[in-house]
A.B. asks: 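My structure is below; once you've seen it, I'll send some questions.
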Amino acid sequence: RSVALLILASVVVAGCQKNASPTPIESLELVKDDRTMFEIKLPSNWQQQTVPGQLALAVSKPGIQHRFIRFTPGEGGAKVELRAVMLDSTRTVDSLIKNSKLEFEDGLDRYEVEKTTLGGKPATLLKVQFDQEDGQYESHQYFAVNDSVATILTFAAFGRTFEDYTEEFKAIKESVKLARMPEKKAPDT
C-alpha cells in the first residue's frame, strides 16, 4: 500500500505544541473471533467494528477511521485495530510490514523497527511519528505469526494524544490472543 503524504509542509506549518483532547477509555471489553480465534480487549465506549475472521477495530470518534487512511486534516482521534491475515508464498509477514509503511514525499523512511513479543510469540514492532496540522501523529504496529496467520495489532493517534493512552494500550496488547488458521469443518450430513 502506498500513501503519499505532504509531510514536509505540515512540519513547517504545524504547531508542534498542539494537543487534541483525548477520548477517555472508560473500560475494556473482550472481543472474541469465532473463525480465527483471536481475542482482544477494546475500549467499550469507542465505536467498534468487526469482520469475522479478519478484523476488530475501535475508534475514539465516529468517522475518524477515514482519517487514518487518507491523513486529511481533521480532529484528533485514536484507533485500536487487530487484523488477521492468512499468509502464503507471496503474502509473508515481511511483505505485510513493507506494505504497511507510508511513503513520505521526501522518500525518507521514518520508521523504527524493534523485536518484541505479541500473544506470547516473537513479533516485530513498527513505529512512526510525524507532525500533522493538529499535532503529532504516532503509530505502533505489531506483527506476529501463528499457524500461518499474521496478527497485526495497530495503535494510532492524531493530535499528540498517543501518550495519553499508554496504560490502556499496554493492557490491550497484553489481552491479545493471536489468530490461527480456521478449523475445517466436516460437511453437515
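On a predicted model such as this, the values are computed, not experimentally measured, just so you know.
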A.B. asks: Would the distance check show the side chain of Lys61 and the main-chain N or O of Gly76 forming a donor-acceptor pair, the cut-off being under 3.5 Å?
C.D. replies: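 Side chain of Lys61 to backbone of Gly76: a pair is present.
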A.B. asks: Which heavy atom of Thr36 sits nearest a heavy atom of Pro182, and at what distance?
C.D. replies: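 It is CG2-CG, 4.0 Å.
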A.B. asks: Does Gly53 offer a backbone N or O that forms a donor-acceptor pair with the side chain of Asp33 under 3.5 Å?
C.D. replies: yes
A.B. asks: With a sphere of 6.0 Å drawn around NZ of Lys41, does it hold more than 12 non-hydrogen atoms of other residues, nucleotides or ligands?
C.D. replies: no
A.B. asks: Identify the heavy atoms of Arg110 and Asp106 that sit nearest to each other, and give their distance.
C.D. replies: NH2-OD2, 2.6 Å
A.B. asks: In terms of hydrophobic clusters joined by side-chain contacts under 4.5 Å, are Leu42 and Leu178 together?
C.D. replies: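 Leu42 clusters together with Leu178.
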A.B. asks: Are Ile40 and Leu30 co-members of a hydrophobic cluster defined by side-chain heavy atoms under 4.5 Å apart?
C.D. replies: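 No, Leu30 and Ile40 fall in different hydrophobic clusters.
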A.B. asks: Can you tell me if Ser60 uses its side chain to pair, donor with acceptor, with the backbone of Ala78 under 3.5 Å?
C.D. replies: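 Yes, the answer is positive, given that a donor and an acceptor are paired below the 3.5 Å cut-off.
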A.B. asks: With a 4.5 Å cut-off on side-chain heavy-atom distances among I, L, V, M, F, W and Y, is there a chain of contacts connecting Phe71 to Val59?
C.D. replies: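 Linked within one cluster.
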A.B. asks: Has Arg67 got a side-chain atom pairing as donor or acceptor with Glu75's backbone, closer than 3.5 angstrom?
C.D. replies: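 Answer holds: yes.
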A.B. asks: Looking only at heavy atoms, which two atoms of Val93 and Leu87 are closest? And how far apart?
C.D. replies: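 For Val93 versus Leu87, the nearest heavy atoms are N-CD2, 4.0 Å.
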A.B. asks: CD/Glu183 to CG/Asp34 distance, rounded to the nearest 0.5 angstrom?
C.D. replies: 11.0 Å
A.B. asks: Is Arg160 paired with Asp134 through a side-chain N to carboxylate O contact shorter than 4.0 Å?
C.D. replies: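 Result for this pair is no, no salt bridge flagged.
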A.B. asks: Ile64 versus Lys79: any side-chain heavy-atom pair under 4.5 Å?
C.D. replies: no
A.B. asks: Over 60° means perpendicular and under 30° means parallel, so classify the ring planes of Phe104 and Phe130, tilted if in between.
C.D. replies: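 Aromatic pair Phe130/Phe104 classed perpendicular.
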A.B. asks: For a 4.5 angstrom cut-off between non-hydrogen side-chain atoms, does Thr154 reach Ser139?
C.D. replies: yes
A.B. asks: On the 0 to 90° scale, with breaks at 30° and 60°, tag the Tyr137-Phe158 ring pair as parallel, tilted or perpendicular.
C.D. replies: tilted
A.B. asks: Return the CD to CG distance between Glu103 and Asp109, rounded to the nearest 0.5 Å.
C.D. replies: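 Here the interatomic distance stands at 10.0 Å.
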A.B. asks: Rounded at 0.5 Å granularity, tell me how far CD in Gln141 sits from NZ in Lys127.
C.D. replies: 13.0 Å
A.B. asks: Is there a path from Val51 to Leu96 through hydrophobic residues (I, L, V, M, F, W, Y) whose side chains come within less than 4.5 Å of each other?
C.D. replies: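 Yes, same cluster.
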A.B. asks: Indicate, with yes or no, if Val31 and Leu118 share a hydrophobic cluster defined by side-chain heavy-atom contacts under 4.5 Å among Ile, Leu, Val, Met, Phe, Trp and Tyr.
C.D. replies: yes
A.B. asks: For side-chain contact (heavy atoms from CB on, under 4.5 Å), just list the numbers for Asn146 and Thr151, CA-CA rounded to whole Å, side-chain angles, deciding distance to a tenth of an Å, and then say yes or no.
C.D. replies: CA-CA 8 Å; Asn146 182 42; Thr151 298; 5.7 Å; no
A.B. asks: Mark yes when over 12 heavy atoms from residues, nucleotides or ligands other than Asp88 sit less than 6.0 Å from its CG; otherwise mark no.
C.D. replies: yes
A.B. asks: Does the side chain of Glu81 come within less than 4.5 Å of Leu55's, by heavy atoms?
C.D. replies: yes
A.B. asks: Using every non-hydrogen atom in the two residues, find where Thr116 and Tyr142 come nearest and quote the distance to one decimal.
C.D. replies: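 That would be CG2-CD2, 3.8 Å.
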A.B. asks: How far apart are the closest heavy atoms of Ser95 and Thr92, and which atoms are they?
C.D. replies: OG-O, 2.8 Å
A.B. asks: Apart from Val149 itself, what residues make up its hydrophobic cluster when side-chain heavy atoms of I, L, V, M, F, W and Y under 4.5 Å apart count as a link, directly or indirectly?
C.D. replies: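 Joined to Val149, directly or through intermediates: Met86, Met181.
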A.B. asks: If I compare all heavy atoms of Lys115 with all of Thr124, which pair ends up nearest, and what's the gap?
C.D. replies: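 Of all heavy-atom pairs spanning Lys115 and Thr124, the closest is NZ-OG1, 3.2 Å.
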A.B. asks: Please tabulate, one pair per line, all N/O donor-acceptor pairs under 3.5 Å involving side-chain atoms of residues 21-29, not counting sequence neighbours.
C.D. replies:
| from | atom 1 | to | atom 2 | distance (Å) |
| --- | --- | --- | --- | --- |
| Ser27 | OG | Ser44 | OG | 2.6 |
| Glu29 | OE2 | Gln48 | NE2 | 2.8 |

A.B. asks: With ring pair (Phe, Tyr, Trp, His ring centres under 6.0 Å) as the test, pick out the partner of His140 among Tyr111, Phe162, Phe155.
C.D. replies: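 It is Phe162, the one option of Tyr111, Phe162, Phe155 that forms the ring pair (Phe, Tyr, Trp, His ring centres under 6.0 Å) with His140.
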A.B. asks: Can you pull out every ring-ring contact (aromatic ring centres under 6.0 Å, His included) where at least one residue sits in residues 23-53? Sequence neighbours excluded, please.
C.D. replies: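 Every pair satisfying ring-ring contact (aromatic ring centres under 6.0 Å, His included) with a residue in residues 23-53: Trp46-Tyr165.
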A.B. asks: Can you tell me if Glu114 has over 12 outside heavy atoms packed within less than 6.0 Å of its CD?
C.D. replies: yes
A.B. asks: Among Glu174, Glu168, Lys173, find the residue that satisfies the side-chain contact (heavy atoms from CB on, under 4.5 Å) test when tested with Lys170.
C.D. replies: Glu174
